[in-house]
*Asks:* 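Here's a structure for you.
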Amino acid sequence: MSEIKAPKGTRDIFAPEIDTWRFLENAIHTYYRKFLFQEIRTPIFEHSELFRRGIGDETEVVQKEMYTFRDKSDRSLTLRPENTASVVRAAIESNFFETMTPLRFYYIGPMFRYDKPQKGRFRQFHQYGVEIFADETPQVDAEVIFSAVDFLKKLEIADLQLDLNSVGCPQCRPPYLHVLRQAARAHETELCSDCRRKIDANPLRIFDCKKPPCEAVAGRLPLLSDHLCGECRNHFAAVREALSWMNVPFRLNPRLVRGLDYYTKTAFEITSGQLGAQNALLGGGRYDNLIRDLGGPDMVGIGFAAGMERIILHLGHLQAQPLRVLFVAYGDPRWLAHAVQLAQVLREEGFPVLLDFQGKSLKKQFKKADRSAAAFTLVLAEDEIRSGTVSIKDMARQEQVNIPLKELNAWLKKNY
Ligand SMILES: [Zn+2]
Ligand SMILES: [Zn+2]
């Protein structure tokens, strides 16, 4: 029979990398509690309609990257490609907009996109992110951005760069899109076929195209930042001012448009140059119409999502502490019961303990202890059982002591 492998774009996570994942997850839980965010876990799959309406029919994500399938009752379901639409859906469904203050959520979990797999990018990937609803102040934008940067800094990720833009609102975007379309049409022949299609459907997406001719055209297209309405301009100025209070440096990037349609006003992205080229770690922004568009009240929102695989790549410097194993060995199968009970006592005290139920000879057990990288091997043999002692071998130093069993705990406190 042929071997079954993991699907393309997925991967298994093992020790010791899994320790880094657990470290990152714990850090997220601890950090975001300080800002009164509460964790939310939404389903892995949702009605496809949620993402089509939430993310936008014309986005790459919806058009090319969704894992959409029909279940046995012929419902169209989609593995979530991101979590914001789901969190909004959950808040509407649970009536949180009327019952909860503050409306601050964070999440950690797998997302799914049919994307081209590459280093740090998978089809099943993990994100953590935050969402704040019903706060339209520019200062809350700055607080969210501060938390995003500060958290990555605390992970000691080097060379962080914050890019900031305003992508406008329903007042100023349509007139700008009109100007943008006209300008793009003037360069139509220089654009790739994808971008030519985007002129009508969603011309902002032309700024996302990585093909050099399109990038050259994009460099000459009019910018939304020059066409913001008064409200968007004021909001953006206040965000920048609050960021300066918080001592968060940023770079204005007028070509930063996020890949999802729901963003309004503030948009931002954080990259790191730690691994050479700038790597995007996290992106987000304000979405003032999404909640209403998904059938909720007319309330605003802001949030971000961070790619955990990318962040893990940047945490290579965090070496997890190897387990200091206590290996319990016994000189004869007759002493197995004693060994089992000693292991129980030690685990109760919090020590990681291994013993070999098949232990044929002490020599073989010592070999196993070596292969398990045990710190100490505790031996129960005839002499020890008779005298109520235990022999402890320090595996690194190759030294052995014999002590009364009842002193073992005190000995370990001193020497472990
Ligand atoms: Zn505006
Ligand atoms: Zn293009």
Side-chain angles (χ1 to χ4, degrees), residues 56-65 113 115-116 118 134-142 144-145 164-243 252-269 280 284-293 298-303:
D57 266 327
E58 279 303 325
T59 56
E60 293 275 293
V61 174
V62 170
Q63 293 214 333
K64 295 183 185 162
E65 297 175 355
R113 289 187 198 180
D115 201 355
K116 208 175 158 151
Q118 47 184 276
D135 190 337
E136 69 288 338
T137 62
Q139 291 77 25
V140 83
D141 301 26
V144 165
I145 295 170
L164 192 64
N165 192 20
S166 173
V167 295
C169 72
Q171 308 312 320
C172 51
R173 207 149 32 168
Y176 163 70
L177 290 181
H178 180 73
V179 175
L180 180 61
R181 275 196 188 98
Q182 280 186 326
R185 251 183 225 116
H187 295 281
E188 191 160 356
T189 52
E190 300 154 57
L191 292 170
C192 73
S193 57
D194 236 15
C195 285
R196 251 177 270 159
R197 207 181 48 78
K198 289 176 191 163
I199 295 179
D200 278 321
N202 196 345
L204 272 175
R205 294 275 85 78
I206 295 172
F207 290 111
D208 289 338
C209 188
K210 295 280 178 280
K211 296 191 180 86
C214 301
E215 280 190 329
V217 171
R220 280 172 284 151
L221 293 176
L223 295 169
L224 180 49
S225 48
D226 298 324
H227 292 79
L228 293 177
C229 68
E231 192 195 319
C232 285
R233 258 204 316 274
N234 291 340
H235 185 96
F236 196 37
V239 172
R240 287 175 302 185
E241 191 191 9
L243 283 173
L252 289 179
N253 178 353
R255 286 183 187 80
L256 173 71
V257 291
R258 305 278 314 144
L260 314 171
D261 272 357
Y262 51 63
Y263 287 113
T264 53
K265 293 183 177 160
T266 314
F268 60 95
E269 203 167 86
R286 183 166 270 289
Y287 44 87
D288 285 351
N289 306 303
L290 178 64
I291 297 170
R292 197 195 53 209
D293 289 350
D298 194 1
M299 282 183 180
V300 300
I302 179 166

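Counting convention: from 1, in listed order, for ligands and their atoms alike.
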*Asks:* To 10°, measure the SG(Cys232)-the Zn ion (ligand 1)-SG(Cys229) angle for me.
*Replies:* 110°
*Asks:* Going through the checks in order, is the side chain to side chain contact (heavy atoms under 4.5 Å, CB included) test met by Val144 and Phe268?
*Replies:* CA-CA 10 Å; Val144 165; Phe268 60 95; 4.1 Å; yes
*Asks:* To the nearest 10 degrees, could you say what angle the Zn ion (ligand 1) makes with SG of Cys172 and SG of Cys169?
*Replies:* 110°
*Asks:* Does the plane of the ring in Tyr262 sit parallel, tilted or perpendicular to the ring in Tyr287? Use 30° and 60° as the thresholds.
*Replies:* perpendicular
*Asks:* Any chance you could measure Asn165, atom CG, to Leu224, atom CG, to the nearest 0.5 Å?
*Replies:* 7.0 Å
*Asks:* I need the SG(Cys195)-the Zn ion (ligand 2)-SG(Cys214) angle, rounded to 10 degrees.
*Replies:* 110°
*Asks:* Contact between Arg173 and Thr264 at the side-chain level, heavy atoms closer than 4.5 Å - yes or no?
*Replies:* yes
